[in-house]
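Below is one structure, written out as structure tokens; comments come after it.
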Amino acid sequence: MKRLCQWAIASILALNFGCAQSTQPEYNPPPVPAVSPETSTIPPEPDELPSATPRKVDVTVALSDPEDLKVKPGDQLEKGEIISDMTRRRTQLERTKKQLDLSLEQLNLPIPEPLPVVDVELPPVDLTMETEAIKQAQLALEQAQESVEFQKAKLEANRRFKIPEMNAIDQAQGYTELLQLEQNRQSAALAIMQSVAARQAKQRDYQYLQYQQALEQQRNLMAYQRDVSNFVVNVQRVGVSRNQLLTRLDEVETELESASVFSPYAGVVRRVDIERQSNDTLLARLVLDVEQP
């Protein structure tokens with residue numbers, strides 16, 4: 001009985017000790033920061049880089065004759081070595097270029113500009129002599145008129161007062177002088193009319209010259225306007241022709257540059273195929289195996 005009690009007490013104590021240990025917190029040490037290993041920054045070797053050079057290249061060339069192709073399958077080419085050269089086409093293009101250059105030189109020649117119309121004024125009419133003649137005729141007329149009036153007055157006085165010294169012969173002579181004076185007056189008047197007519201004729205001749213000159217000026221002006229219009233049209237036509245020639249020249253020069261085709265890479269010609277024909281031009285396709293550096 002006593003042993004049984006001791007065993008029970010020992011079991012209870014052992015159970016309590018185990019429970020006490022299970023309720024105590026477990027000790028966890030603080031985390032230690034992980035140290036990452038150093039990464040290498042050394043660039044890869046050149047052999048490890050991807051190559052920018054293609055392994056195969058297709059080259060299409062235009063041929064005017066099969067003999068323009070200068071390579072055949074299996075040929076080893078260096079970079080820049082000629083693949084095709086259109087000799088016959090090049091000759092034609094060079095001839096065309098010379099003709100275009102010559103035409104451009106002719107178009108670049110200066111176009112003569114129309115000469116402007118020069119106004120030519122007639123000198124003023126000189127009526128000095130005619131005017132002086134009229135003055136002299138008017139003076140002669142006045143003198144003749146005075147002589148006639150004086151002779152009339154003299155004859156009238158003789159008739160009225162019957163001067164004894166004046167006989168019939170003297171009176172007849174007086175009337176003869178009066179008649180002569182009348183004729184002189186009429187001649188003076190006629191001279192005035194003639195002088196005036198001469199001045200008017202000279203003025204009419206001058207006016208006719210002015211009219212003829214005005215007509216000539218008008219014809220010259222119309223001809224000048226026509227020349228200016230033709231000049232503008234010619235300048236425009238030359239400009240259009242020059243632009244067309246320059247465009248054609250650019251096309252010819254571009255075609256000349258493409259008349260020869262050079263290998264873009266060093267390599268071996270694997271295959272040559274004639275694809276199609278367009279007008280007088282053959283299109284050939286080459287496959288080039290490119291040498292890798």
Heavy atoms, side chains only, cut-off 4.5 Å: are [X] and [Y] in contact?
| X | Y | answer |
| --- | --- | --- |
| Glu216 | Asn220 | yes |
| Leu282 | Pro66 | yes |
| Glu142 | Gln145 | no |
| Arg248 | Val252 | yes |

If you round to the nearest 0.5 Å, how far is [atom2] of [Y] from [atom1] of [X]?
| X | Y | atom1 | atom2 | value |
| --- | --- | --- | --- | --- |
| Lys152 | Tyr175 | NZ | OH | 11.0 Å |
| Leu107 | Gln244 | CG | CD | 10.0 Å |
| Leu288 | Arg270 | CG | CZ | 10.0 Å |
| Leu246 | Glu253 | CG | CD | 9.5 Å |
| Asp126 | Thr131 | CG | OG1 | 8.5 Å |
| Phe150 | Lys154 | CZ | NZ | 6.0 Å |

N-O pairing of [X] and [Y] below 4.0 Å:
| X | Y | value |
| --- | --- | --- |
| Arg185 | Glu182 | yes |
| Asp273 | Arg271 | yes |
| Asp75 | Lys72 | yes |
| Arg285 | Asp58 | yes |

Do [X] and [Y] share a hydrophobic cluster (ILVMFWY, side-chain heavy atoms under 4.5 Å, transitive)?
| X | Y | answer |
| --- | --- | --- |
| Val59 | Val268 | no |
| Leu141 | Val148 | no |
| Leu77 | Val261 | yes |
| Val238 | Leu249 | yes |
| Val287 | Val290 | no |

One pair to check against side chain to side chain contact (heavy atoms under 4.5 Å, CB included): Glu149 and Glu146. What are the steps and the verdict?
CA-CA 5 Å; Glu149 294 298 331; Glu146 291 176 357; 5.7 Å; no

Would you confirm whether Glu81, through its side chain, and Glu78, through its main-chain N or O, come within 3.5 Å as a donor-acceptor pair?
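Between the backbone of Glu78 and the side chain of Glu81 there is a qualifying donor-acceptor contact (under 3.5 Å).
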
Can you list the steps and then say if Leu63 with Ser84 is a side chain to side chain contact (heavy atoms under 4.5 Å, CB included)?
CA-CA 8 Å; Leu63 309 173; Ser84 66; 3.7 Å; yes

Residues that Gln200 engages under side-chain hydrogen bond (donor to acceptor under 3.5 Å, both in side chains), provided they are two or more places apart
none

Scan side-chain atoms only and decide if [X] and [Y] contain a donor-acceptor pair under the 3.5 Å cut-off.
| X | Y | result |
| --- | --- | --- |
| Glu132 | Gln136 | yes |
| Ser260 | Asp85 | yes |
| Gln207 | Gln203 | no |
| Glu291 | Gln76 | yes |
| Arg89 | Gln92 | yes |

So which heavy atom on [X] is nearest to which on [Y], and how close?
| X | Y | result |
| --- | --- | --- |
| Ile134 | Ile192 | O-CG1, 4.5 Å |
| Ser103 | Leu245 | CB-CD1, 3.7 Å |
| Leu69 | Leu286 | CD1-CD1, 4.2 Å |
| Ile82 | Val71 | O-CG1, 3.9 Å |
| Tyr206 | Leu122 | OH-O, 3.6 Å |
| Gly80 | Phe262 | O-CD2, 3.2 Å |

Mind jotting down which residue pairs meet the salt bridge (Lys or Arg N to Asp or Glu O under 4.0 Å) criterion with at least one end in residues 196-213? Sequence neighbours excluded, please.
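Listed once each, the pairs are Glu130-Lys202.
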
Stepwise side chain to side chain contact (heavy atoms under 4.5 Å, CB included) test for Leu102 and Gln106:
CA-CA 6 Å; Leu102 181 60; Gln106 294 176 349; 4.1 Å; yes

Look at atom CZ of Arg242 and say whether more than 12 heavy atoms of other residues, nucleotides or ligands are closer to it than 6.0 Å.
yes

Go through the steps to decide whether Lys70 and Ile83 satisfy the test side chain to side chain contact (heavy atoms under 4.5 Å, CB included), and finish with yes or no.
CA-CA 5 Å; Lys70 306 302 180 183; Ile83 293 178; over 6 Å; no

With a 3.5 Å cut-off and sequence neighbours excluded, list the donor-acceptor pairs that the side chains of residues 221-235 form with protein atoms.
residue : atom : partner : partner atom : Å
Asn230  : ND2  : Arg226  : O            : 3.2
Asn234  : OD1  : Arg237  : NH1          : 2.8
Asn234  : ND2  : Asn230  : O            : 3.1

